[in-house]
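Below: one structure, written as structure tokens.
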Amino acid sequence: MVFLRAVAGVVAAALVLGVAELVAVFAGVGSAPAYALGATVVDHTPDGLREWAISTFGTHDKAVLFVCMGVVAVVVAGIAGVLERKNRPIGSVVFAVFGVGAAAIGAGRIGGFAGALPALIGTAAGILALRGLTRRIDTTSERSAAKHVAPESNASGAEELVAKAGRRRVLGGIAATGVLAIGAGLAGRLLGGARRDVTAERAAVELPTPATPLPKLPPGADLRVPGLTSYLTPNSDFYRIDTALIVPQVSTDTWSLRIHGMVEQEITLTWDDLLRRTPVERLVTLACVSNPVNGDLIGNARWLGYRLDELLAQARPLPDADMVLSHSSDGWTAGSPLAALTDGRDGLLAIGMNGEPLPIQHGYPARLVVPGLFGYVSATKWVTELEVTRFDKATAYWTRRGWAAHGPIKTGTRIDTPRGRGRIPQGRTVIAGVAWAQHRGVTAVEVQIDDGDWQPAQLSTEVTIDTWRQWTYDWDATPGQHTFRARTLDPTGPQTAVSQDVIPDGATGYPALTIQVS
């Protein structure tokens with residue numbers, strides 16, 4: 001019966017989550033315990049562990065988080081089921097403790113009693129299910145024990161039938177609870193998705209025409225070398241690193257951007273207000289501060305949007321303001337230097353990406369794009385507020401957790417081909433990659449084979465100093481094991497050779513790959 005008790009605990013826990021998911025449809029987005037607890041884990045994960053997860057799992061880090069949470073939930077629920085008895089509700093107490101904790105977290109994140117309702121109602125349903133299943137299991141166990149104590153009884157055949165019937169009732173109860181849990185969870189997911197989903201709306205959005213559409217890429221901007229990253233990153237391949245466990249679904253009907261704080265005139269812009277303005281189109285490379293040396297958390301896209309310096313000028317920031325705290329619809333914040341948004345660079349309130357409305361997971365309907373700044377201090381998705389303030393008066397999400405307040409993107413490069421630890425034939429080999437020095441410009445890329453001299457690589461045509469450039473180097477590969485490195489030069493000189501982890505303001509060092517030539 002131990003196994004059945006564990007299974008009973010697991011299906012009762014599944015009912016908690018299923019019912020809570022359904023109640024969360026009406027209580028508020030993100031109030032379901034799985035998401036509220038997951039968001040809390042994200043908020044309080046130590047930096048080292050978080051960066052390990054990103055470097056190991058990349059953009060699948062959130063899926064891995066949910067899998068880990070699921071494993072823990074199954075183990076705890078199984079133990080609770082094993083401990084539960086009719087006259088000793090230890091498992092129910094375990095459920096109640098977790099339920100009250102999840103309710104408190106939900107109330108804190110969503111605000112008010114409504115945020116606690118999914119966890120409270122779901123936990124109540126789970127405890128009732130666990131108590132009912134335990135009574136059935138205990139009754140069946142007692143009858144089985146009585147049969148073994150008095151095997152000479154003439155009623156042994158009847159008792160065997162009763163025991164079998166009891167086991168069938170237990171299995172039937174477990175199955176029914178499981179079906180109810182799945183049904184409630186699916187209903188909650190479908191209803192919640194239907195109420196929030198803006199996919200159809202996004203598909204119907206017609207982007208405005210920029211004042212001066214970008215011309216075609218000049219010859220030589222995209223070298224199209226096998227294995228080399230394309231100059232423009234397709235939307236489907238663009239990296240996504242954020243704290244949103246539920247992708248916000250923001251409608252243009254309700255979206256607005258409020259610019260307030262240390263300004264002479266607070267303004268609020270609606271979607272219709274934006275459409276009455278003339279947008280611009282720019283090429284900008286974005287990078288995540290969690291991008292390791294030779295990492296892929298960087299991408300280049302064609303953005304359509306409205307100049308941030310013009311929007312801020314309308315609100316007229318006060319002279320002593322030095323920071324803009326941008327707010328996402330899900331509560332995330334980023335602190336950008338006001339100077340970087342008003343110094344003439346192409347900082348945008350973007351509404352389009354590579355010729356289509358922003359993908360929902362990349363910030364639809366509007367996000368920030370700022371050349372030269374890491375995303376954690378600039379690239380707010382689903383943006384709803386720009387609060388003009390000061391660095392000594394306000395802190396953003398990641399700066400409260402020990403990351404640097406200013407996050408300029410560091411000059412760097414990546415080797416795309418050939419792949420490290422691979423085997424290639426001897427003879428002519430093309431080493432290729434991408435290099436970046438946003439808002440400064442890449443002036444050269446150099447390659448070093450083993451410990452030889454640095455040799456100049458061939459650069460692609462520069463389109464703008466705010467995007468990366470591709471590079472290639474022709475190498476006559478000789479048999480044996482070889483290690484090659486690359487470095488980027490900007491107007492100030494070569495990128496630093498000092499190896500540094502991503503914490504607190506981005507990784508540094510030369511990318512190096514080792515290959516075997518046969």
Side-chain angles (χ1 to χ4, degrees), residues 21-32 35-36 39 106-115 117-118 188-208 235 240 242-261 263 265-279 303-308 310-312 314-315 324-334 348-353 356-369 379-388 396-397:
E21 185 84 26
L22 183 56
V23 176
V25 173
F26 310 98
V29 177
S31 60
Y35 297 111
R109 297 195 71 87
I110 304 303
F113 184 64
L117 279 178
R189 186 63 58 86
L190 292 174
L191 287 173
R195 292 183 64 179
R196 301 190 304 267
D197 189 31
V198 294
T199 302
E201 173 190 289
R202 175 183 174 273
V205 167
E206 294 186 9
L207 293 176
N235 291 354
R240 178 201 161 201
D242 52 53
T243 62
L245 296 181
I246 303 176
V247 176
Q249 305 278 328
V250 182
S251 171
T252 55
D253 293 336
T254 58
W255 176 87
S256 64
L257 179 70
R258 179 184 173 216
I259 304 178
H260 63 104
V263 297
Q265 178 181 348
E266 179 177 322
I267 62 173
T268 299
L269 300 171
T270 66
W271 182 258
D272 287 339
D273 291 332
L274 289 185
L275 296 184
R276 283 190 284 270
R277 295 171 174 260
T278 301
W303 306 94
L304 178 74
Y306 304 89
R307 294 189 61 90
L308 287 171
E310 295 178 358
L311 298 180
L312 289 168
Q314 184 177 339
V324 174
L325 188 69
S326 52
H327 297 250
S328 170
S329 67
D330 67 347
W332 188 82
T333 55
L348 300 177
L349 174 69
I351 62 171
M353 181 178 182
E356 61 182 68
L358 287 174
I360 296 172
Q361 66 271 27
H362 287 293
Y364 175 86
R367 65 169 296 168
L368 299 188
V369 172
T380 304
K381 298 191 280 284
W382 315 288
V383 64
T384 58
E385 291 183 46
L386 298 181
E387 179 185 355
V388 180
Y397 183 92

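Just so it is clear, the values below take in all heavy atoms, side chains as well, and ignore hydrogens, waters and symmetry mates.
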Exercise. Between Ile351 and Leu207, is a side chain to side chain contact (heavy atoms under 4.5 Å, CB included) present by the stated rule, with each step listed?
Worked result: CA-CA 8 Å; Ile351 62 171; Leu207 293 176; 4.2 Å; yes
For this session: Walk me through it: do Thr270 and Asp272 pass the test side chain to side chain donor-acceptor pair (under 3.5 Å)?
Result: CA-CA 5 Å; Thr270 66; Asp272 287 339; 5.1 Å; no
With rounding to the nearest 0.5 Å, note down the distance linking [atom1] in [X] to [atom2] in [Y].
{"X": "Leu190", "Y": "Glu21", "atom1": "CG", "atom2": "CD", "result": "10.0 Å"}
{"X": "Arg367", "Y": "Leu358", "atom1": "CZ", "atom2": "CG", "result": "7.0 Å"}
{"X": "Glu385", "Y": "Leu325", "atom1": "CD", "atom2": "CG", "result": "8.5 Å"}
{"X": "Gln265", "Y": "Gln314", "atom1": "CD", "atom2": "CD", "result": "7.0 Å"}
{"X": "Tyr306", "Y": "Leu257", "atom1": "OH", "atom2": "CG", "result": "12.0 Å"}
{"X": "Leu348", "Y": "Glu310", "atom1": "CG", "atom2": "CD", "result": "10.0 Å"}

Nearest non-hydrogen partners of [X] and [Y], listed with the distance:
{"X": "Pro365", "Y": "Thr252", "value": "CB-CG2, 3.9 Å"}
{"X": "Pro208", "Y": "Leu304", "value": "O-CD2, 3.5 Å"}
{"X": "Ala27", "Y": "Ala114", "value": "CB-O, 3.3 Å"}
{"X": "Ile360", "Y": "Trp382", "value": "O-NE1, 2.9 Å"}
{"X": "Val250", "Y": "Ser329", "value": "CG2-OG, 3.6 Å"}
{"X": "Pro118", "Y": "Ser31", "value": "CG-OG, 3.4 Å"}

So, the side chain of [X] versus the backbone of [Y]: is there a donor-acceptor pair under 3.5 Å, distance only?
{"X": "Asp330", "Y": "Pro248", "answer": "no"}
{"X": "Trp332", "Y": "Ser326", "answer": "no"}
{"X": "Thr380", "Y": "Ser328", "answer": "no"}
{"X": "Thr333", "Y": "Tyr397", "answer": "yes"}
{"X": "Glu387", "Y": "Gly261", "answer": "no"}

For this session: For the pair Trp271 and Tyr364, name the ring-plane relationship: parallel under 30°, tilted 30 to 60°, perpendicular over 60°.
Result: tilted
For this session: Report the C-alpha distance between Met353 and Trp303 in whole Å, list the side-chain angles of each, state the deciding distance to 0.1 Å, and finish with yes or no for side chain to side chain contact (heavy atoms under 4.5 Å, CB included).
Result: CA-CA 5 Å; Met353 181 178 182; Trp303 306 94; 3.7 Å; yes
Once side chain to side chain donor-acceptor pair (under 3.5 Å) is applied, do any residues pair with [X], and if so which ones, sequence neighbours excluded?
{"X": "Glu266", "result": "Arg258"}
{"X": "Gln361", "result": "none"}
{"X": "Ser251", "result": "Glu201"}

Problem set entry | Stepwise side chain to side chain contact (heavy atoms under 4.5 Å, CB included) test for Leu308 and Leu386 | CA-CA 10 Å; Leu308 287 171; Leu386 298 181; 4.1 Å; yes
Problem set entry | Pair Leu274-Leu349, side chain to side chain contact (heavy atoms under 4.5 Å, CB included): steps then yes or no | CA-CA 10 Å; Leu274 289 185; Leu349 174 69; 3.9 Å; yes
Seminar exercise, completed: Residues passing the ring-ring contact (aromatic ring centres under 6.0 Å, His included) test with His362, sequence neighbours excluded, are Phe238
Seminar exercise, completed: Taken in chain and number order and not counting sequence neighbours, the residues that satisfy salt bridge (charged side-chain N to carboxylate O under 4.0 Å, His left out) with Arg202 are Glu356
For this session: Report the residues that fulfil salt bridge (charged side-chain N to carboxylate O under 4.0 Å, His left out) with Asp253, sequence neighbours left out, ordered by chain and then residue number.
Result: none
